[in-house]
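Have a look at the structure below, then the notes.
None of the values given here were measured: they were computed from a predicted structure. Every chain is numbered from 1 and lettered A, B, ... according to where its sequence line falls, protein lines coming before strand lines.
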2 protein chains.
Amino acid sequence: MQNKTLSEPRLKSTDCGDCPIRHRAVCARCETDELARLEEMKYYRSFEAGQTVIWSGDRMDFVASVVTGIATLTQTMEDGRRQIVGLLLPSDFVGRPGRECAAYDVTATTDLVMCCFRKKPFEDLMLTTPHIGQRLLEMTLDELDAAREWMLLLGRKTAREKIASLIAIIARRHAALAPRRETDAVQIDLPLTREAMSEYLGLTLETVSRQISALKRDGVIVIKGKRHVTIPDFDRLLEESGDDSDGGFLV
Amino acid sequence: MQNKTLSEPRLKSTDCGDCPIRHRAVCARCETDELARLEEMKYYRSFEAGQTVIWSGDRMDFVASVVTGIATLTQTMEDGRRQIVGLLLPSDFVGRPGRECAAYDVTATTDLVMCCFRKKPFEDLMLTTPHIGQRLLEMTLDELDAAREWMLLLGRKTAREKIASLIAIIARRHAALAPRRETDAVQIDLPLTREAMSEYLGLTLETVSRQISALKRDGVIVIKGKRHVTIPDFDRLLEESGDDSDGGFLV
DNA sequence: GCATGGATTTGACTTATATCAATGACCCAG
DNA sequence: CTGGGTCATTGATATAAGTCAAATCCATGC
């Protein structure tokens, strides 16, 4: 009966109707005039894989939503130790209303398109349109659950379980974006380098590499090239991840 | 320029004016009639140290705010490995509007008084009173920052740094509740057993004990009995914690 | 084709933390 | 004051993961 919200897709498969902003981050229930105001304050920004979107501490005058690609939130210690504290997939939200400066480094790990909203007008709109705040609260609570599931992973799981968990989570979110029949073997492309995986999992990249090799050797995953992963038996992977095998979600 | 929000007290030192609900969780900006509605739906519950408030998966028909004492949120793996994913101090909020069941075990680690609000009426009030939702969003974002700072601790800090961080955080929140002059040595009572500390820090209780002894031996902390800690030099403790020594906060 | 350089894998060895096992300190009941 | 219980400390040893180093893979441009 544990929390499985991290694994739960945050993006519903239906699109946002006629909404000109195609991600569901904030506009799912917007009326025409509110959409017009969102349209006004929005602009797109693109980044190449590896580029930094914003540095921790920098002034940040926008909030944003990931349209395509993947970004990470990273915290760095003075001596250079790094920990990824958030993985942003399409439809995820970045930025905190009411906060002046970025709290984390935001980095594009693949080519990335973000839909940005200038912060001041966005905050104003939030004040007059409660459901935007409500939606933001919902998303923030989901992220909090995800962060807490990650705390369990970082504090208590073995290296092998960590790798299995990461692959399972990426596969689940991937499946949520591109639904497939239950019976197919799951196939994904890892959107992270070994180094990024190590920074997300609290390991070294050598350990990541060794454990991926071990899972491959044991037939839990099949690897083609460096990034392409096939999961012949998803339940087996979940067993290896240390999570409840049902993968059941909370409400 | 890292995020330090975990350390930042969430309770302002001023009290909530004439508000009959003395914690600031939700009522700071309430009008008279809203306060009346909150009064109606609220009730207090007390727990002894060690008691379980609610089990993960149980139906939860209230949300609540800690009045006095300390509670923890814990996640447990099937084989019994446990990780504390949240520490609830006075003024902290528990429960998620819109969620039927508890996602974590909630346990009183000291004697505890909580102010509970029946969930359905609370959710209704949220719909008609946007600032309650806004306040909740703020608190949730603070908790998310705290969780992310904890991810850095769990993923990257050494056992010694973990212990120093925990003591620093408890000391800071303690100081926020009972302000004192800058020059005094900080004194706190650890509200957690060694076992609870180990579950919070992703360590074993033996390692916790050893590292506390080491910090004592090195003069970073002074210990009287099992629980009472004096911190002669707070900056020294912060150095040991691996955080920026300024302890500076983001906005 | 071939050189270049980044990403990844693999190997040998070290180390921080876990594990297993005693021992010690404190508290309360009788 | 004494015995039993809980919590905490300390010691000896094991092990998972880290560190340092080398080899391999693979994409890219020349």
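- Separating the CZ atom of A/Arg156 from the C1' atom of C/dT19 is a distance of 13 Å, rounded to the nearest angstrom.
- Within the structure, a side-chain polar atom (N or O) of A/Arg227 is placed less than 4.0 Å from OP1 or OP2 of C/dT8.
- Straight-line distance from the NZ atom of A/Lys157 to the P atom of D/dA16: 18 Å, rounded to whole Å.
- At whole-Å resolution of the value, CD in B/Glu161 and C1' in C/dT17 are 14 Å apart.
- Atom CD1 of B/Ile223 and atom CG of B/Leu215 lie 8.5 Å apart (nearest 0.5 Å).
- Taking CD1 of A/Ile212 as the reference point, atom CD1 of A/Ile221 lies at 6.0 Å (rounded to 0.5 Å).
- Geometric assessment of A/Arg45 against the ring of A/Phe62 yields a positive cation-pi assignment under the 6.0 Å and 45° thresholds.
- Shown are B/Lys224, B/Arg227, B/His228; of these, the side-chain hydrogen bond (donor to acceptor under 3.5 Å, both in side chains) with B/Asp189 is made only by B/His228.
- In this structure, A/Asp79 contributes its side chain and A/Arg81 its backbone to a donor-acceptor pair below 3.5 Å.
- Straight-line distance from the CG atom of B/Asp79 to the P atom of C/dT19: 11 Å, rounded to whole Å.
- Applying a 4.0 Å cut-off to non-hydrogen atoms, the residues of residues 201-214 of chain B that approach DNA chain C are B/Gly202, B/Leu203, B/Thr204, B/Glu206, B/Thr207, B/Arg210, listed by residue number.
- Residue whose closest nucleotide on DNA chain C sits further toward the 5' end, between A/Gly225 and B/Ala159: A/Gly225.
- In this structure, the helix from C/dG1-D/dC30 to C/dG30-D/dC1 shows an angle of 30° between the axis at its start and the axis at its end, each fitted on 5 base pairs and rounded to 10°.
- Remark: C1' of C/dT9 and CZ of A/Arg194 are 9 Å apart, rounded to the nearest angstrom.
- For A/Leu215 and C/dT9, the CG to C1' distance is 15 Å, given to the nearest whole Å.
- The residue B/Arg160 sits apart from the nucleic acid: no heavy atom pair falls under 4.0 Å.
- For the salt bridge (Lys or Arg N to Asp or Glu O under 4.0 Å) with B/Asp243, the qualifying choice from B/Lys157, B/Lys162, B/Arg172 is B/Lys157, the only one to do so.
- Across the protein-nucleic acid pair, B/Arg81 atom CZ and C/dA18 atom P stand 13 Å apart, rounded to whole Å.
- The CD1 atom of A/Ile223 sits 12 Å away from the P atom of D/dC26 (whole-angstrom rounding).
- Of the charged side-chain nitrogens involved, none lies within less than 4.0 Å of a carboxylate oxygen, so that A/Glu206 and A/Arg210 do not count as a salt-bridged pair.
- Using a cutoff of 4.0 Å between basic side-chain nitrogens and carboxylate oxygens, B/Asp145 and A/Arg99 are scored as salt-bridged.
- A side-chain donor-acceptor contact under 3.5 Å links A/Ser165 to the backbone of A/Ser241.
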